[in-house]
Amino acid sequence: MASPKPHDHPEWLQPDEEVLLITGRHPLSILDSVLWTTIAIGILIAILWGVGLRVLPEAEPYAVGITVLLVLFWAASMVALYWRVVTSRYIVTADRVYRAHGRLRFFLLQTTYDKVTDLHVDQSLFGRIWGFGNVTSQTAGVGLPMQGVRDPLAMKRRIERARRAFIERLLSEHGLKEAERRAALPRRETETAEGGVPAWVPVEAEEDMVLHRDGPVGFTLVPATLSALAVGGVGVIMTLGAIDAGEPQGIFTFVGPLMLIFAIMTFAQAFIQYRFTRYEVRPWGVVVTSGWLARRRVETTFDKVTDVATYQGVIGRMLDYGNIRINTAGSNTSPVNFNGLARPERVKELIDEARRRRDRRD
Amino acid sequence: MQRGTFDDLPADPLPGGTEEATGNVPFQTRPSLLAALDVPFKAFGTVAILAAPFFITGAVISGRPGTFASLFTLFELLQIAPAFLVAFAPAVRIVFTRYLIDDEGIRVHVQVLAKSESRVAWDKVTAIRHRVTLVDRILGIQRVDIIAYGERGTTLRLVGLRDAARLRDLAAKKMRGHASLGALLRSD
């Protein structure tokens, strides 16, 4: 990430603001969009030439024209994506976080640290391979996503440090007493906090402690398995029927195999969620990690939690599993969900106890 | 009350200095009427893009591309009148819209037949969005969204601004000046 020089500062920064970091977007962060656009255009062209011309053979000259238009649209999309990468700027200052892109179509979003409630990091498969990801600063009003950031975890820590320094300045400006200062400072920092923590609990050890770790129960796979079997079964029957018929049945030739593929993908998605999702309760908050190729980690501290609710259906009550919904502050912040968790009431009590201990310590 | 464009917006360096700078007098301005063209631009373009495949298909089926090209051109020309009728309502609204800025916050006041006023206090502002769309760039205007939190999660959309940077900078300054521990501890 670049060390900011004065001549690098864009004109839209606030005057006399201390710039800590200026960075741009990783060029390969648009790979997902490039692939999806290319696949979509390719499918359209394939349908046009494979199906459209079968119905209207005399329309071949127009098919060429439409293909050229689609290719031009694809090229324009690629140019637009590249331009987005070239013009993207993410800036971390002592007071704010900025996100900007574009020249002709300009976009700028900024917020101050006192409004940031959560920081989310997620990385796609390509991001994990090439070391980039998305860092989103959630506020109560809107999220400020930084896409394609190099070393997203380092960026997240950078923002956390800047936020802490901002809060300390705020505390000095308002001249708070020591106990109130400690209450306001964020807890999740790597450096040891001074005072306010009992001597027998080393802060570093407490921060790393995991009170509870679990994933969804196997029974959560049942609905996806049943629907995959139903759709897949119909797909198999249709495919076998099409093979048995001997000659192609037009577009219906593809329906059976498509249903089969859909069924496999449905089950695969449910299995990946079951196998790679983990819910953790820690002394300072909760963590949800999910995803196989593309990993996502969401951490929420208890000071942002407003309430915790559990839900168990009929079968959930019989087998003692259910969902926990952890609501956080802010109209735009989505709740944290622990889905398909065993003994949800017990886990909810654990969360409530951890929150109470945190409040007492503060 | 001071009136004018944002070029006339008085500097407001610190929350405490506002009274001296402005005499705590609200500042009022209005959006550019060009902002009303945003809707017909988009409506016209969208209908043209959606209608084109039908005319192409008709030309293919009938084997008379020249005729359908003429019909498409006529169709587009006929759109212009309804497009500007569609713009009429937003244009009327823009004529009667006022943006008022004072030490406490920013207000968008609209009075056509009914009166409506949306207000965001500076300490409720969570983010500021400054945008220039393609149509805005052509027309030479800009827009600023003031995003707030609260029970309604208000977003004030200020369009048709000639110099949005000054409003943006003022809102940013006010936002920083009103950064509060109350909001921090409430996790707002």
Side-chain angles (χ1 to χ4, degrees), chain A residues 11-15 17 56 58-59 61-63 65-66 69 95-97 99-100 102-118 137 139-144 163 166-167 169-171 173-174 176 180-181 183-186 301 303-306 328-333, chain B residues 11 13 15 49 52-53 56-61 63 65 68 120 123-138 142-156 164-165 168-188:
Chain A
E11 62 200 10
W12 36 261
L13 279 186
Q14 293 304 301
E17 197 166 6
L56 282 174
E58 65 273 16
Y62 299 97
I66 293 173
L69 282 175
D95 290 343
R96 289 181 184 79
V97 182
R99 174 201 167 194
R103 296 271 190 274
L104 281 179
R105 290 175 60 212
F106 176 68
F107 177 93
L108 169 67
L109 185 60
Q110 56 176 292
T111 187
T112 48
Y113 292 121
D114 60 318
K115 301 298 190 292
V116 174
T117 57
D118 301 290
S137 304
T139 70
V142 71
L144 199 150
R163 183 169 179 262
F166 176 84
I167 292 167
R169 275 202 312 281
L170 214 57
L171 293 170
E173 284 169 14
H174 287 76
L176 284 195
E180 289 162 324
R181 285 169 61 95
L185 282 170
T301 51
D303 56 337
K304 303 292 180 282
V305 173
T306 55
T328 57
S331 59
N332 196 56
T333 327
Chain B
I49 290 169
I56 293 173
T57 308
V60 167
I61 292 172
F68 275 85
V120 168
D123 62 346
K124 299 288 188 195
V125 175
T126 55
I128 300 165
R129 193 190 287 134
H130 177 193
R131 290 184 298 148
V132 184
T133 65
L134 204 55
V135 175
D136 290 343
R137 182 70 68 181
I138 295 168
Q142 300 171 33
R143 56 185 77 197
V144 170
D145 299 336
I146 307 290
I147 302 158
Y149 68 89
E151 290 172 8
R152 294 181 188 174
T154 308
T155 297
L156 289 186
R168 177 199 70 209
D169 292 343
L170 175 69
K173 205 173 294 182
K174 290 289 192 182
M175 196 178 159
R176 174 61 184 92
H178 284 81
S180 69
L181 291 172
L184 197 66
L185 294 174
R186 284 199 308 270
S187 305
D188 288 332

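FYI, side chains are in, hydrogens and waters are out, and symmetry mates aren't considered; it's all heavy atoms of this structure. All chains are named by letter (A, B, ...) in the order of the sequence lines, taking the proteins before the strands, and each is independently numbered beginning at 1.
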Handout entry: Side chain / backbone / both / neither for A:Gln14 at chain B, heavy atoms under 4.5 Å
Key = side chain
Exercise for the section: State which residue, out of B:Thr126, B:Ile147, B:Ile146, B:Thr155, fulfils the side-chain contact (heavy atoms from CB on, under 4.5 Å) condition with B:Val120. Expected result: B:Ile146
Problem - Interface moiety of B:Val144 toward chain A, non-hydrogen atoms closer than 4.5 Å - result: neither
Exercise for the section: May I ask you to decide if B:Arg143's main-chain N or O and B:Arg129's side chain share a donor-acceptor pair within less than 3.5 Å? Expected result: no
Handout entry: Residue B:Ala165 versus chain A: region with a heavy atom under 4.5 Å
Key = neither
Handout entry: Charged N-O contact under 4.0 Å between A:Arg169 and A:Asp95
Key = yes
Practice task
Please determine, among A:Leu144, A:Thr112, A:Leu104, A:Leu13, the option with the most heavy-atom pairs under 4.5 Å with chain B.
Solution key: A:Leu104
Handout entry: Residue part contacting chain B, namely of A:Arg99, when any heavy atom lies under 4.5 Å
Key = neither
Practice task
Return the option, out of B:Val132, B:Val125, B:Asp169, with the maximum number of heavy-atom pairs under 4.5 Å with chain A.
Solution key: B:Val132
Problem - Minimum heavy-atom distance B:Arg176-A:Leu170, with the two atoms named - result: NH1-CD1, 3.9 Å
Problem - Closest-packed option against chain A by number of heavy-atom pairs under 4.5 Å, given B:Met175, B:Arg168, B:Arg131 - result: B:Arg168
Handout entry: Student check: side-chain heavy atoms of A:Tyr113 and A:Ile167 closer than 4.5 Å
Key = no
Practice task
Over 60° means perpendicular and under 30° means parallel, so classify the ring planes of B:His130 and A:Phe106, tilted if in between.
Solution key: perpendicular
